[in-house]
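Take a look at the structure below.
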Amino acid sequence: MQITKASYLISSPSVDKCPKPDRPEYAFIGRSNVGKSSLINMLCNNSKLAKISNTPGKTQLINHYTIESTSTKSNKKINWYLVDLPGYGYAKRSQQQRKQWSKMIEDYLHKRKTLINIFVLIDARHEPQQIDFDFINDLGEWQLPFTIVFTKADKEKPGALERNIKLFFDKMRESWQFLPQYFITSAIKKQGKEEVLDFIDDCNKAFVQQ
Ligand code: GDP
């Protein structure tokens with residue numbers, strides 16, 4: 001799939017304020033500083049689309065981007081939404097802000113009928129973090145479809161990268177019968193872009209055929 005145009009649309013404080021659910025939608029979420037903005041910019045060929053911020057956790061809004069794309073397989077044009085969700089694990093968030101975040105995210109994930117897939121971003125440099133599993137286990141409990149995107153793959157030597165990924169899935173196996181699909185990405189090396197976009201393309205096809 002090729003993205004022909006990507007533009008910021010709106011930031012919403014709740015699912016009820018989100019744009020009309022008239023097209024497939026894909027959400028991106030992860031821990032603060034995981035590389036979400038960089039990944040979104042890489043996917044959309046636009047280095048300024050999502051803000052690469054050094055002051056994480058300031059905004060707690062659901063951010064919609066309008067994406068126009070052409071399938072490289074069928075040549076069909078399709079519009080979809082990319083959604084940048086505020087992440088979890090910001091140390092500086094107050095108890096009140098954490099509650100607000102949980103409510104907004106849970107509402108959005110449960111109620112957004114056109115949400116096709118949640119991309120959960122995991123920093124490939126780190127060993128498995130409990131906070132990521134807590135979020136993934138919630139998704140499992142709510143039976144929501146998700147895939148894992150390992151980020152910053154360029155920062156690790158191949159051996160260390162493989163080890164972290166293996167540790168991650170070993171830990172997942174403790175409570176999961178089936179493991180999710182995953183992608184290995186680097187915004188610096190533009191790694192994993194085709195794979196993520198092709199996955200979205202395949203999901204879009206299924207959506208259109210419904
Ligand atoms: P966000 O807070 O999750 O949106 O993360 P950002 O995209 O703002 O990235 C956080 C930091 O990680 C920034 O300093 C980025 O330059 C860096 N970063 C993001 N992606 C990559 C990557 O693929 N490789 C490397 N080496 N650094 C990255």
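Just follow the structure's listing: the first ligand is 1, and inside any ligand the first atom is 1.
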Please state which option from Asp154, Thr185, Leu39 has its nearest heavy atom closest to atom 26 (N) of ligand 1. Asp154

Per-atom contacts of ligand 1 with Lys36, taking only distances under 4.0 Å to non-hydrogen atoms: 1 (P), 3 (O), 4 (O), 5 (O), 7 (O)

Would you mind telling me if ligand 1 is within reach of the side chain of Ile188, the backbone, both or neither, using heavy atoms under 4.0 Å? both

Keeping the roles fixed (side chain from Thr70, backbone from Lys77), state whether a donor-acceptor pair exists under 3.5 Å. no

Could you list which atoms of ligand 1 come closer than 4.0 Å to a heavy atom of Ser186? 23 (O)

Glu127 bridged to Arg163 by N-O distance under 4.0 Å: yes

Determine whether Thr114 and Asp22 satisfy the following criterion, side chain to side chain contact (heavy atoms under 4.5 Å, CB included), listing intermediate values before the conclusion. CA-CA 7 Å; Thr114 43; Asp22 60 357; over 6 Å; no

Would you please name every residue forming a side-chain hydrogen bond (donor to acceptor under 3.5 Å, both in side chains) with Asp154, sequence neighbours left out? Ser186

Closest by any non-hydrogen atom to atom 9 (O) of ligand 1: pick that one out of Pro86, Gly35, Ala124. Gly35

Sidechain-backbone polar pair: Asn63 side chain, Leu61 backbone, donor-acceptor under 3.5 Å: yes

For Thr151, is the nearest heavy atom under 4.0 Å from an atom of ligand 1? no

Tell me the nearest of Lys152, Glu156, Lys190, Lys189 to atom 21 (C) of ligand 1, using heavy-atom distances. Lys152

Are any of the side-chain nitrogens in Asp84 or Lys36 under 4.0 Å away from the carboxylate oxygens of its partner? yes

Candidates Ala187, Ser38, Ala153, Ala50; heavy atom nearest atom 7 (O) of ligand 1 found on Ser38

Is the contact between Lys155 and ligand 1 made by the side chain, the backbone, both, or neither, using heavy atoms and a 4.0 Å cut-off? side chain

Going by atom type alone, with no hydrogens or angles, which donor-acceptor pairs under 3.5 Å involve a side-chain atom of residues 132-149 and a protein atom two or more places apart or on another chain?
residue : atom : partner : partner atom : Å
Asp132  : OD1  : Tyr88   : OH           : 2.9
Asp134  : OD1  : Gln130  : NE2          : 2.9
Asn137  : OD1  : Trp176  : NE1          : 2.8
Asn137  : ND2  : Phe133  : O            : 3.2
Thr147  : OG1  : Asn117  : ND2          : 3.0

